[in-house]
Amino acid sequence: RFFPNVSSIPPGFVPNATAPAWDSFKKFAGCRAGENFDGLSKLKQYFHYFGYIPNSPSNFTDDFDDAFESALKTYQQNFNLNVTGELDQQTLNKLVQPRCGNADIVNGTTTMNSGKWMAFNSTSLFHTVGH
Amino acid sequence: YTFFPGNPHWPDSKRDLTYSFFPGNELTEEEKSVFARAFDRWSTVIPMTFTQTDSFTTADIRIGFFSGDHGDGEPFDGVLGTLAHAFSPPSGRLHLDLDENWVDSGDVSTSPILSAVDLESVAVHEIGHLLGLGHSSVEEAIMYPSIPSRTRKVELAQDDIDGIQQLYGKNPNYNGTSTSSIQERETSGADYVH
């Protein structure tokens, strides 16, 4: 599927109609913690693939659990989204975008924004003195 | 910018790298030239060169288009989704999803194909991985993980340049200004907005 030049593509040309990967995630709009949503395990697998859920159980459940919420917040932080912990429209729009297959978080150490946040919170960058 | 764990990078003895294309893909010269331009964007800012070779097995960097499960444990997923992946130094493996609708040249934003993906944009990003960069949260950066379809982003941002120069130092010929002159020269006639 190589197109040597955009101008060479005839108007109205439609390649083999295949639903883009991750399009099904759009149905999760409005999902909130503590609830169960059919197919949410696919989104957990997505987060696991890109390093946001480090431990892989044999089967992900469809529960919007704490691990998923934590992964979602880290993702929102990394992509400069509002950190709501909810599957809001802005987050879903980003999740379904095509992307590089390399993980954002590798072995918990390569972490984009969230790593800076963790460093900020876990090291003694600031010292306080009581007066 | 970020690095892979342990900051892997090409050793000092490897500053002139070779790259080759998987013969089974039978890429045209025009398709190969997209990668030459992508490599140029990085070699402009760091003291490294990239030269194409016909010997796929001995090349430092091996580029191939593959579909679905292609044997490295990271299967591709068809149209859109994951577009490509690359391994950290000194692996040199760059894999792209054969099922994408890759556009080699022209203004991809005007493509009638909604799932069209600009090949050079993805190539520049993946080369960043081959050189040792991880993903960045800076949205303007090449190393930002996602790119919408029908979007062209090929110019290194300051975040990319800072990261790669931390690994390899600065190209003595690099004057510290934007690399946009490359893009303007190579896309003359196109109407890109940055």
Side-chain angles (χ1 to χ4, degrees), chain A residues 1-25 42 45-46 49-52 74-81 83 91-119, chain B residues 1-6 25 27-28 30-31 65 74-88 95 97-117 119 122 125-126 129 134-139 143-151 190:
Chain A
R1 294 184 181 176
F2 289 96
F3 298 95
N5 196 308
V6 169
S7 59
S8 69
I9 305 171
F13 175 80
V14 179
N16 290 341
T18 309
W22 307 332
D23 245 24
S24 61
F25 293 166
K42 298 278 186 198
Q45 287 168 5
Y46 174 104
Y49 187 84
F50 293 112
Y52 291 90
T74 306
Y75 178 89
Q76 289 171 328
Q77 194 174 2
N78 278 351
F79 284 81
N80 306 307
L81 303 165
V83 182
T91 303
L92 281 170
N93 289 344
K94 184 61 72 176
L95 281 166
V96 301
Q97 267 188 10
R99 57 162 292 161
C100 171
N102 285 40
D104 298 334
I105 301 175
V106 183
N107 297 336
T109 56
T110 300
T111 50
M112 299 169 66
N113 264 351
S114 58
K116 293 168 192 164
W117 186 85
M118 282 190 284
Chain B
Y1 58 86
T2 64
F3 303 127
F4 289 104
N25 291 146
L27 299 183
T28 65
E30 188 172 0
E31 287 153 2
F65 289 82
E74 307 288 342
F76 285 126
D77 51 9
V79 176
L80 300 180
T82 53
L83 306 172
H85 54 232
F87 292 72
S88 58
H95 299 164
D97 190 345
L98 189 61
D99 290 335
E100 306 300 344
N101 295 302
W102 296 107
V103 170
D104 301 350
S105 64
D107 185 356
V108 71
S109 68
T110 64
S111 168
I113 303 173
L114 297 179
S115 57
V117 179
L119 179 57
V122 176
H125 176 100
E126 298 305 330
H129 286 317
H135 284 152
S136 169
S137 287
V138 177
E139 194 154 2
M143 296 315 294
Y144 189 74
S146 63
I147 182 169
S149 57
R150 300 201 301 172
T151 301

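Computed from a predicted model, the values in this text were never measured in an experiment. Throughout, a chain's letter reflects where its sequence line sits, starting with A, and its residues are numbered from 1.
Taking the side chain as every heavy atom from C-beta outward, His129(B) and Cys100(A) approach each other to under 4.5 Å. Within the 4.5 Å cutoff, no side-chain heavy atoms of Phe3(B) are placed close to those of Val106(A).
Closest approach of Gly81(B) to Ala21(A), counting heavy atoms only: CA-CB, 3.7 Å. Of all heavy-atom pairs spanning Phe79(A) and Ser146(B), the tightest one is CE2-OG, 4.0 Å. The two residues Asn80(A) and Ser137(B) make their nearest non-hydrogen contact at ND2-O, 2.6 Å.
Thr82(B) places no side-chain N or O within 3.5 Å of a backbone atom of Gly101(A) that could act as its donor or acceptor partner.
How far CE of Met112(A) is from OG1 of Thr2(B): 7.5 Å, rounded to the nearest 0.5 Å. Distance check: Gln97(A) CD to Thr151(B) OG1 gives 7.5 Å after rounding to the nearest 0.5 Å.
Listed options Val122(B), Leu83(B), Leu114(B) were ranked by heavy-atom pairs under 4.5 angstrom with chain A; first place goes to Leu83(B).
For Tyr144(B), the part lying near chain A is the side chain, with the backbone staying farther off; criterion is any non-hydrogen pair under 4.5 Å. Interface remark: Glu31(B) contributes side-chain atoms only to the contact with chain A (heavy atom separation under 4.5 Å).
Evaluated for a side-chain hydrogen bond (donor to acceptor under 3.5 Å, both in side chains) with His135(B), the options Asn102(A), Asp104(A), Asn78(A) yield exactly one hit, Asp104(A).
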